Trainee: 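A single structure is presented below for examination.
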Amino acid sequence: MAVYSILRGFSSMSIVLLLLWFVLLMGYSDSSSADMGLYNSVVTSSFNYPETTLKPYEWRYIRVDVPPWFSSVSVTLESDVDLDAESTMKISKSSLPLVCLRDGSLPLPDFSNNSLKNLVLGSLSNGSIGAIQGAQDAEHCYLLQKKIALKLTNEQITPGVWYFGLFNGIGAMRTQSKMISRGNAFSFSANVTVEGCTASNLWGQYCNQTVESLSCAQSFINTSSGGGSLANLYNQTVEHLVSCRSSVEDSCRGHGEPRVYSLEVVGLAEALIIVATDVKVNGTQSSNNKDYAGGVALMCYARYGAMPLETIHDYSADIRNGSLIIRLPRAGNWYITVTPVNVTKEMGKNEAGGLQICYSLLWQVVECPVGKAGFDCAWERYTLQTVLRKNPSVPFESYYLPLSGKVSSDSANFPLEPLLSNFSVEGKSEVPWTYFVLDVPRGAAGGNMHIRLTSDRIVSYEVYARFDGLPSHDIWDYFYINKTNNSDGSMFFTLYNSSREMVDFYILFVSEGTWSFAVKHLDSVGNASDDHAMMSISLERCPKRCSPPHGSCQNFVDESGLTVYSYCSCDRTHGGADCSIEIVSPRGHFWQSVSLVASNAAAILPAYWALRQKAFAEWVIFTSSGVSSALYHACDVGTWCALTFRVLQFMDFWLSFMAVVSTFVYLATIDEASKRTLLAVVAILTALMAISGATRSANIVLVIVIGATGLLIGWLIEISTKYRPFSFPPVFCLNVLQRRQTFRDSLLNAIKSFLKRFRWGFMLAGFVALTMAAVSWHLETSESYWIWHSLWHVSIYTSSFLFLCSKATHVNAEDQRPEAASYELTRQDSIPRV
């Protein structure tokens, strides 16, 4: 019985444990399913950028393609930058390492002094970045940190092409050609992962929100017959409009429960109109169908390319009591959130608990017929055709001409008068607008749009530009009214040579896609025929062609290899994005050239002393070093180039290395055969250093190490040949005292010989001059290079001269007679004298 009780108890316990295990397993399965439901996203693309080093004033771009169905973009940047708040305050803004991001095109934080002055920096993190708005027209720049882990969701950024730019210093000197590149370099690596939702109707960071897609079919409406109720809301009076119209019936939501819709605007539309109808209460508590919705508001939030929220949206309106009208909406995806509010206030907290607000949603995308645009579709709109320039070395460079039989042109300029709109109502002339639409091809985001308008009299036009939408007098990305009223404050807009008869400006680093330009004609229509205006719109790789002859346009590919961008490489005296900023004046350039070239005359000092001592090898090296350095710097500052720059640079650094090492070898008293062997080996080593990386700062240490090694080898050769008495005699002496005395005498003789080998006053002065040379090298910057490098020339050649002078005539310590003393032997005459 006891055994049976035990078995029965064990069986009951097993059943309980099995049931508990089953319950836990079901709970884990439910939680796992719930977790899987929260994360309906997959990785659509992932890029890893290897470690890259940026020297001072260098930069790199990274392109990230964000698809429309994305959920988040994860960016991880790792660098060896180690800056704290205190060290940041001590460094000028132009020298700080930065990371900038921009929507649609490449960031350019330092085109003008205003953009550099107004640049506000902060730390980059998920908490600091918030929602990025207006990223096409503005910079978002942050201090580069040791590690940046960033996750941008579809509630923060819009789909499209995003660019990250990493800059090791900004300002006008970034594009200036420099004789040296002094400063701190840093390396970085990056990883970019883009996640997308598994279905097109899912949205949100975790793809856990449902979005209803709105689609509509094109149809013609006649507003004069009352068939376009929504169009009448926009005061359209023209008879025919190409539009689309749809409706969603019986959308029911409770208080504060949003419903999200998405709508794609395909073309350049005039308006997007949204209105709610048949708003009513649908719930169990309204038995008599009493309408309690009189005071309920239906808040509609619209946002381009991203999820609209109550705190983050582009447009909002109460569509219960009116309509939401978006004038000139951008082409692309629009997201609309409709949320019932004030339900609790109208019905009370208890009554509103189970009620829902039902409504029907009407919307319409209003478009003008082909070739028309503007208010009431009254203005002319022309599509511009791309004409590629025949220059294979410059990609994506083109100009645009209208596809119209009204004008014909064989150049980039086309007449404006035949294309201008002409509109009047009831005898009252209105200010006409004329629109031009063009396309910037994919991969050409590194180009610059050049707009030029000339007239034979005062220019009476205003120009407005907008990306992915039609511009107007209050909706634009860039505009020009006159020289004082324009977008010159924008960091991507620059004005050139504009006068009363000419308008000339650039839009820098334009986004790839559709651009619209609107020309507003201020004069009356009757005077248009008297104005002979010419217009040109072109896509150029570099603004102002880099202001020749101050710079040249260079092409480069971003880190992803998907975009070709261009930049100006300026000469020694100019800088800026277009090489128009004069960094060094002509007078300053003259004195810099004289200083850098004339300071090499200090090489005469060591060359003269070597020639006086009949050290012909050293004389040739010092003379050649001074001459090659003068020729190199004359070419480097742009004065005169005797040979190619690469050849002159190699000769300058190689012979400078040889001059330093030969000074060390000269201090060792060895025979000519040994000296020639050492110099031959040194010539090979220094030539390899000069050809592989001449401007590396580490070369200074390597040259000193090679020279010191050569001097040590020379001393060892000298000791092995001249101080053989240091060795013990063949017969081993057993007297310890005698051996100690012999060693002591030999050591004292070696010390006396070493002390009498040099003139120590010259040696000390040589080290002082060498210290001055090291200080000059350390203080060299891009701005003060010319003066400190000139002092480097003088001090390094002077130190070589003093070291050469410090070598004295070697004297034997034992008999105090010069080694070179001659002894006269007398011959004994063995023949007997008579």
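The model shown is predicted, which means the values in this text are computed figures rather than measured ones.
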Trainee: If we ignore hydrogens and angles and just use 3.5 Å, is the side chain of D504 paired with the main-chain N or O of N497 as donor and acceptor?
Mentor: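 Flag not set: sc D504 to bb N497 has no pair under 3.5 Å.
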Trainee: Can you measure from NZ (K520) to OG (S472) and round to the nearest 0.5 angstrom?
Mentor: 9.5 Å
Trainee: Classify the ring geometry between Y435 and W433 as parallel (under 30°), tilted (30 to 60°) or perpendicular (over 60°).
Mentor: parallel
Trainee: To the nearest 0.5 Å, how far apart are CG in D578 and OH in Y496?
Mentor: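 Separation between the atoms: 3.0 Å.
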Trainee: Apply salt bridge (Lys or Arg N to Asp or Glu O under 4.0 Å) to residues E380 and K372 and explain how you reach the verdict.
Mentor: CA-CA 5 Å; E380 300 293 334; K372 294 295 181 178; 2.9 Å; yes
Trainee: Is there a side-chain contact between Y163 and Y565, using heavy atoms and a 4.5 Å cut-off?
Mentor: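 No, too far: nothing below the 4.5 Å cut-off.
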Trainee: Hey, is the main chain of Y301 close enough, under 3.5 Å, to the side chain of Y335 for a donor-acceptor pair?
Mentor: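 Absent.
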Trainee: Donor-acceptor pair, distance only, cut-off 3.5 Å: does the side chain of S323 make one with the backbone of I325?
Mentor: no
Trainee: Can you label the angle between the F505 ring and the Y480 ring as parallel, tilted or perpendicular, going by 30° and 60°?
Mentor: parallel
Trainee: Do L438 and M449 come close enough that some side-chain heavy atom pair is under 4.5 Å?
Mentor: yes
Trainee: For a side chain to side chain contact (heavy atoms under 4.5 Å, CB included) check, start with the C-alpha distance between L361 and I319, then their side-chain angles and the critical distance, and finish with the verdict.
Mentor: CA-CA 9 Å; L361 190 66; I319 59 175; 3.7 Å; yes
Trainee: If you look at every heavy atom in P543 and L508, which pair is closest and at what distance?
Mentor: CB-CD2, 3.9 Å
Trainee: How many angstroms lie between atom CD1 of I451 and atom OG of S536, to the nearest 0.5 angstrom?
Mentor: 8.5 Å
Trainee: Any sub-3.5 Å donor-acceptor pair from N333's side-chain atoms to G305's backbone N or O?
Mentor: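 Here the side-chain-to-backbone pair does not exist.
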Trainee: Is there side-chain contact between L96 and L143, with at least one heavy-atom pair below 4.5 Å?
Mentor: yes
Trainee: Report the relative orientation of the aromatic rings in F517 and W515; use parallel for angles under 30°, tilted for 30 to 60°, perpendicular for over 60°.
Mentor: parallel
Trainee: How about E310: does its CD atom have over 12 heavy atoms from other parts shown lying under 6.0 Å from it?
Mentor: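 Incorrect, the count does not exceed 12.
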Trainee: Hey, what do you get for C553 versus C568: SG atoms under 2.5 Å apart or not?
Mentor: no
Trainee: Distance from T434 atom OG1 to Y461 atom OH, nearest 0.5 Å?
Mentor: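 It is 8.5 Å, given to the nearest 0.5 Å.
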Trainee: Is it the case that the side chain of E270 and the backbone of G374 share a donor-acceptor pair, with hydrogens and angles ignored and the cut-off at 3.5 Å?
Mentor: yes
Trainee: For R330, is there any backbone N or O sitting under 3.5 Å from a side-chain donor or acceptor partner on D468?
Mentor: no
Trainee: Measure up the W59 and Y567 rings against each other and bin them: parallel (under 30°), tilted (30 to 60°), perpendicular (over 60°).
Mentor: perpendicular
Trainee: Tell me the closest heavy-atom pair linking M502 and V459, and the distance in Å.
Mentor: N-CG2, 3.6 Å
Trainee: Are E540 and R452 within salt-bridge range, i.e. N to O under 4.0 Å?
Mentor: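 Not counted as a salt bridge, because no side-chain N and carboxylate O are separated by less than 4.0 Å.
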Trainee: Can S566 and N555 be counted as having a side-chain donor-acceptor contact under 3.5 angstrom?
Mentor: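 Present: a donor and an acceptor within the cut-off.
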Trainee: Below 4.0 angstrom, N of the basic side chain to O of the carboxylate: do E397 and R545 qualify?
Mentor: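 A salt bridge links E397 with R545.
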Trainee: Under the side chain to side chain contact (heavy atoms under 4.5 Å, CB included) rule, what do L108 and L106 come out as? Steps first, then yes or no, please.
Mentor: CA-CA 6 Å; L108 187 66; L106 308 171; over 6 Å; no
Trainee: Do L101 and Y142 touch side chain to side chain, with heavy atoms closer than 4.5 Å?
Mentor: yes
Trainee: Please find the pair of heavy atoms, one from I274 and one from I336, that lie closest to each other, and give the distance.
Mentor: CD1-CD1, 3.1 Å
Trainee: Could you pull out the closest heavy-atom pair between L272 and L263, with the gap in Å?
Mentor: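 What the structure gives for the nearest pair is CD1-CD2, 3.4 Å.
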Trainee: In sequence, state the C-alpha distance, the side-chain angles, and the governing distance for E155 and I312, and then conclude on side chain to side chain contact (heavy atoms under 4.5 Å, CB included).
Mentor: CA-CA 9 Å; E155 297 176 353; I312 305 173; over 6 Å; no
Trainee: Ignoring hydrogens and angles, tell me if any N or O in the side chain of S213 forms a donor-acceptor pair with the backbone of S262 under 3.5 Å.
Mentor: no
Trainee: Is a side-chain donor or acceptor of T175 paired with a backbone partner of G576 at a separation under 3.5 angstrom?
Mentor: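 Yes; at least one donor-acceptor contact below 3.5 Å.
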Trainee: Hey, could you give me the NE2/CZ distance between H532 and R457, rounded to the nearest 0.5 Å?
Mentor: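 Between atom NE2 of H532 and atom CZ of R457 there are 9.0 Å.
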Trainee: Looking at Y506 and K544, would you say the former's side chain and the latter's main chain have a donor-acceptor pair under 3.5 Å?
Mentor: yes
Trainee: Could you walk me through whether S538 and H450 satisfy the side chain to side chain contact (heavy atoms under 4.5 Å, CB included) test, starting with their C-alpha distance in whole Å, then the side-chain angles of each, then the deciding distance to 0.1 Å, before giving a yes or no?
Mentor: CA-CA 5 Å; S538 59; H450 185 195; 3.5 Å; yes
Trainee: Going by the angle between their ring planes, with limits at 30° and 60°, are F436 and Y382 parallel, tilted or perpendicular?
Mentor: parallel
Trainee: Which atoms form the tightest heavy-atom contact between T158 and W162, and what is the distance?
Mentor: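 What the structure gives for the nearest pair is O-NE1, 2.9 Å.
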Trainee: Is there a donor-acceptor contact under 3.5 Å from the side chain of N485 to the main chain of N482?
Mentor: no
Trainee: In plain terms, say whether D65 and R442 are close enough for a salt bridge, that is, a side-chain N and a carboxylate O under 4.0 Å apart.
Mentor: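 A salt bridge links D65 with R442.
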Trainee: Is the shortest side-chain heavy-atom distance between P107 and C141 below 4.5 Å?
Mentor: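 A side-chain contact under 4.5 Å is absent here.
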Trainee: Can you measure from CG (L268) to OG (S516) and round to the nearest 0.5 angstrom?
Mentor: 4.5 Å
Trainee: Taking C-beta and beyond as the side chain, do S460 and H521 meet within less than 4.5 Å on heavy atoms?
Mentor: yes
Trainee: Is there side-chain contact between R102 and F492, with at least one heavy-atom pair below 4.5 Å?
Mentor: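 Yes, their side chains come closer than 4.5 Å.
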Trainee: Do D103 and I157 have side chains that get closer than 4.5 Å, going by heavy atoms?
Mentor: no
Trainee: Could you report the tightest heavy-atom contact between A269 and L470, atom names first, then the distance?
Mentor: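 What the structure gives for the nearest pair is O-CD1, 4.3 Å.
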Trainee: Return the orientation label for the F167 and Y61 ring planes: parallel under 30°, perpendicular over 60°, tilted otherwise.
Mentor: perpendicular
